[in-house]
Asks: 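Here you go, one structure.
When a ligand or atom number is given, it counts from 1 through the structure's own listing order. Atoms considered below: every heavy atom in the structure, side chains included; atoms not considered: hydrogens, waters and symmetry mates.
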Amino acid sequence: MRPIFHDTETPPQDLVIAIRQAKHIVVFTGAGVSAESGIPTFRDSFTGLWERFDAEDLATPAAFRRDKELVWGWYEWRRMKVLGAQPNPAHRAIAALAQHIPKLTVVTQNVDDLHERAGSQNVLHLHGSLHHPYCLTCGQAHTFAPGVPNEQGGGRRLSPPACSRCGGDVRPGVVWFGEDLPQRELLCANTLAQACDLLFAIGTSGLVYPAAQIPILAKQAGARVALINPTVTQLDAACSWSLHGAAGEILPRLLQAAFLQI
Ligand code: BJW
Ligand code: ZN
């Protein structure tokens with residue numbers, strides 16, 4: 001049976017040893033890693049104007065074609081939330097862990113920049129970024145004017161900016177359902193997953209493909225997989241350890257047990 005570690009207990013010793021001995025770790029993250037920074041997870045309910053919508057219905061090319069002010073306003077509300085947020089102990093523990101391991105890559109589904117702001121250096125974004133929108137027509141990158149975070153509340157509909165090159169609509173720089181993931185990042189993530197000795201899957205429901213395949217690829221290639229999530233997910237079947245609790249509480253304790261209590 002898989003060992004289940006609850007966050008009130010000491011970390012499992014075999015996981016602590018696996019971390020100490022690891023030569024190559026992949027840390028695969030989802031929205032839950034940013035939850036303790038106040039960023040709603042993707043499948044949480046949203047507030048204000050957005051509470052009437054499912055995120056899955058807004059994150060599609062069809063939604064943008066149908067009602068671009070609604071979708072652009074939602075992404076601007078989320079971008080403002082991220083600008084006003086700070087990395088939490090989970091982001092910081094991941095950045096600190098990299099200092100102890102010969103090779104560590106963060107593969108994130110998140111569209112925020114909190115891993116980078118916590119100090120992580122090797123970060124692959126599989127689903128794009130809130131901070132890098134581009135023109136729907138010609139692909140030209142759009143640069144935001146330096147903004148003051150101001151939308152902590154309900155948000156509002158907003159017109160997308162016009163492209164400075166062709167006048168077309170600027171769209172969020174994220175990967176919507178039905179769109180291809182960035183090929184370089186996906187290929188690199190798959191290759192790293194198949195080469196690592198330990199993979200952490202943290203704060204993800206494991207529902208969205210092809211990203212959800214990454215822990216499975218790692219397991220099939222012989223890596224051990226550790227999950228950190230308050231709830232049971234689709235990925236539990238692929239893991240060696242399932243640590244049930246908040247990432248911001250469990251990760252600092254693991255780091256402490258692996259490197260500060262030798
Ligand atoms: C905590 C915590 C704490 C809380 N500590 N944890 C194969 C099979 C079936 C379907 C498909 C398939 N291949 C492709 C598809 C279709 C589709 C798909 O997967 N659909 C599924 C829903 C069934 N995939 C695609 O369309 C992808 N494209 C593609 O495959 O192209 C080729 C193709 C084209 C056409 C047809 C077929 C193939 C693209 C997927 C793009 C996903 N984009 C989004 C939106 C990005 C922009 C935005 O943010 O708005 O990415 S969807 C959304 O889900 C977002 C996330 O990155 C992603 C994953 O969500 P995540 O991170 O797991 O968040 P949650 O909210 O689900 O979970 C949070 C977890 O945290 C929970 O478990 C909590 O318990 C936990 N948690 N607090 C630790 N403190
Ligand atoms: Zn353009």
Side-chain angles (χ1 to χ4, degrees), residues 7 27-46 50 53-64 71-72 74-79 81-82 88-91 93-94 107-112 124-142 160-183 185-186 200-216 226-236 242-252:
D7 65 355
V27 179
F28 174 63
T29 63
V33 85
S34 296
E36 291 159 84
S37 295
I39 309 296
T41 67
F42 196 77
R43 288 168 180 83
D44 267 343
S45 51
F46 287 87
W50 324 116
F53 301 91
D54 271 349
E56 293 212 6
D57 295 333
L58 293 168
T60 68
F64 192 69
V71 173
W72 182 261
W74 184 54
Y75 279 97
E76 276 296 278
W77 171 71
R78 290 174 55 200
R79 187 174 70 90
K81 265 202 165 332
V82 169
N88 66 53
H91 298 107
I94 293 164
V107 174
T108 189
Q109 299 167 87
N110 295 347
V111 294
D112 64 47
L124 294 173
H125 283 267
L126 294 180
H127 292 162
S129 163
L130 289 171
H131 306 289
H132 299 115
Y134 60 90
C135 173
L136 187 61
T137 307
C138 75
Q140 160 106 327
H142 173 78
C163 170
S164 60
R165 185 156 73 186
C166 78
D169 285 328
V170 168
R171 59 155 284 175
V174 303
V175 181
W176 282 325
F177 285 113
E179 295 186 317
D180 285 332
L181 274 63
Q183 288 308 296
E185 279 79 357
L186 181 61
F200 281 95
I202 306 172
T204 179
S205 56
L207 290 172
V208 175
Y209 287 83
Q213 197 66 33
I214 287 171
I216 297 159
L227 300 192
I228 301 179
N229 198 307
T231 64
V232 173
T233 69
Q234 297 285 319
L235 298 174
D236 275 63
S242 185
L243 313 190
H244 287 174
E249 290 169 22
I250 290 180
L251 276 166

Asks: Keeping Thr60 on the side-chain end and Ala63 on the backbone end, is there a donor-acceptor pair under 3.5 Å?
Replies: yes

Asks: Does the protein put any heavy atom within less than 4.0 Å of atom 76 (C) of ligand 1?
Replies: yes

Asks: Would the distance check show the side chain of Asp54 and the main-chain N or O of Glu56 forming a donor-acceptor pair, the cut-off being under 3.5 Å?
Replies: no

Asks: Would you call the rings of Phe177 and Phe42 parallel, tilted or perpendicular, where under 30° means parallel and over 60° means perpendicular?
Replies: perpendicular

Asks: Would you mind finding which of Ile250, Thr108, Leu186, Asp180 brings a heavy atom closest to atom 32 (C) of ligand 1?
Replies: Asp180

Asks: Should Thr204 and Thr233 be marked as a side-chain contact (heavy atoms from CB on, under 4.5 Å) after you check the CA-CA gap, both sets of side-chain angles, and the distance that decides it?
Replies: CA-CA 8 Å; Thr204 179; Thr233 69; over 6 Å; no

Asks: Is the closest side-chain heavy-atom distance between Tyr134 and Arg171 below 4.5 Å?
Replies: yes

Asks: As an exercise, identify every atom of ligand 1 less than 4.0 angstrom from a heavy atom of Gly178.
Replies: 25 (C), 26 (O), 34 (C), 35 (C)

Asks: Would the distance check show the side chain of Gln213 and the main-chain N or O of Pro210 forming a donor-acceptor pair, the cut-off being under 3.5 Å?
Replies: no

Asks: When you measure from atom 27 (C) of ligand 1 to every protein heavy atom, which one gives the shortest distance, and what is it?
Replies: Tyr209 O, 3.3 Å

Asks: Just to confirm my output: which protein heavy-atom neighbour is closest to atom 69 (C) of ligand 1, and how far is it?
Replies: Gly203 O, 3.6 Å

Asks: At what distance, to the nearest 0.5 angstrom, does CG of Leu136 lie from SG of Cys163?
Replies: 10.0 Å

Asks: Calculate, to the nearest 0.5 Å, the distance between atoms CZ and CG belonging to Phe28 and Leu235 respectively.
Replies: 7.0 Å

Asks: For ligand 1, does Val111 get within less than 4.0 Å through its side chain, its backbone, both, or neither, judged by non-hydrogen atoms?
Replies: side chain

Asks: Got the closest protein heavy atom to atom 64 (O) of ligand 1, with its distance?
Replies: Ala31 CB, 3.5 Å

Asks: Could you tell me whether atom 10 (C) of ligand 1 has a protein heavy atom closer than 4.0 Å?
Replies: no

Asks: I want to know if ligand 1 touches Phe42 in the polar sense, i.e. an N/O pair below 3.5 angstrom.
Replies: yes

Asks: Got the closest protein heavy atom to atom 1 (C) of ligand 1, with its distance?
Replies: Pro230 CD, 3.3 Å

Asks: Tell me if a side-chain donor or acceptor on His125 pairs with a main-chain N or O of Asn110 at a distance below 3.5 Å.
Replies: yes

Asks: What part of Ala35 sits under 4.0 Å from ligand 1 if we count only heavy atoms: the side chain, the backbone, both or neither?
Replies: side chain

Asks: Using heavy atoms and a threshold below 4.0 Å, how should the contact between Val208 and ligand 1 be classified: side chain, backbone, both, or neither?
Replies: both

Asks: Which of the atoms of ligand 1 are close to Tyr75, meaning less than 4.0 Å from one of its heavy atoms?
Replies: 47 (C), 48 (C), 50 (O)

Asks: Which of the numbered atoms in ligand 1 are below 4.0 angstrom from a heavy atom of Gly30?
Replies: 62 (O)

Asks: Give a yes or no on this: more than 12 heavy atoms of other residues, nucleotides or ligands lie within 6.0 Å of atom NE2 of His132.
Replies: no

Asks: For atom 37 (C) of ligand 1, state whether the nearest protein heavy atom is under 4.0 Å away.
Replies: no

Asks: Does Leu126 come within less than 4.0 angstrom of ligand 1, counting non-hydrogen atoms of the residue?
Replies: no

Asks: Using a 4.0 Å cutoff against the non-hydrogen atoms of Leu207, which atoms of ligand 1 qualify?
Replies: 21 (C), 22 (C), 23 (C)

Asks: State the CG-OG1 distance between Leu124 and Thr29, to the nearest 0.5 angstrom.
Replies: 10.5 Å

Asks: Quick one: nearest non-hydrogen protein atom to atom 49 (O) of ligand 1, plus distance?
Replies: Arg78 NH2, 2.7 Å

Asks: With heavy atoms of Leu181 as the reference, note each atom of ligand 1 found under 4.0 Å away.
Replies: 27 (C), 28 (N), 39 (C)

Asks: Are any of the N/O atoms in Val33 less than 3.5 Å from those in ligand 1?
Replies: no

Asks: Can you tell me the protein heavy atom closest to atom 31 (O) of ligand 1 and the distance?
Replies: Glu179 O, 3.1 Å

Asks: Quiz question for you: does at least one protein heavy atom lie closer than 4.0 Å to atom 40 (C) of ligand 1?
Replies: yes

Asks: Can a non-hydrogen atom of Pro210 be found less than 4.0 Å from any atom of ligand 1?
Replies: yes

Asks: Check for me whether Glu249 has a heavy atom closer than 4.0 Å to any atom of ligand 1.
Replies: no

Asks: Short question: side chain of Gln183, backbone of Leu181 - any donor-acceptor pair under 3.5 Å?
Replies: yes

Asks: Could you tell me the separation between the CG atom of Leu251 and the CG atom of Leu243, rounded to the nearest 0.5 Å?
Replies: 8.5 Å

Asks: Can a donor-acceptor pair be found, under 3.5 Å and without considering hydrogens, that links the side chain of Glu36 to the backbone of Gly248?
Replies: yes

Asks: Considering the heavy atoms of Val174, write down every atom of ligand 1 situated less than 4.0 Å from one of them.
Replies: 47 (C)

Asks: What residue and atom, counting heavy atoms only, is the protein's closest point to atom 44 (C) of ligand 1, and at what distance?
Replies: Val175 O, 3.8 Å

Asks: Is there a donor-acceptor pair closer than 3.5 Å between any side-chain N or O of Asp112 and the backbone N or O of Leu130?
Replies: no

Asks: Below 3.5 Å, N or O to N or O, backbone or side chain included: is there any such pair between Asp44 and ligand 1?
Replies: no

Asks: With a 6.0 Å cut-off on the ring centroids, do Trp74 and Phe53 count as close?
Replies: no

Asks: Is it the case that the side chain of Ser37 and the backbone of Ile39 share a donor-acceptor pair, with hydrogens and angles ignored and the cut-off at 3.5 Å?
Replies: no

Asks: From atom 80 (N) of ligand 1, work out which of Glu36, Gln213, Gln234 has a heavy atom at the shortest distance.
Replies: Glu36

Asks: Under a 4.0 Å heavy-atom limit, does Trp176 contact ligand 1 with its side chain, its backbone, both, or neither?
Replies: backbone

Asks: Between Val33 and Thr108, is the side-chain contact (heavy atoms from CB on, under 4.5 Å) condition met? List the steps.
Replies: CA-CA 10 Å; Val33 85; Thr108 189; 5.5 Å; no

Asks: Under 4.0 Å from atom 25 (C) of ligand 1, is there at least one protein heavy atom?
Replies: yes

Asks: Just jot down the ligand 1 atoms closer than 4.0 angstrom to any heavy atom of Thr231, in number order.
Replies: 75 (O)

Asks: Tell me, which protein residue and heavy-atom name are nearest atom 56 (C) of ligand 1, and how many Å apart are they?
Replies: His127 ND1, 3.7 Å

Asks: Checking contacts here: is it the side chain or the backbone of Arg43 that comes within 4.0 Å of ligand 1, counting heavy atoms only? Could be both or neither.
Replies: both

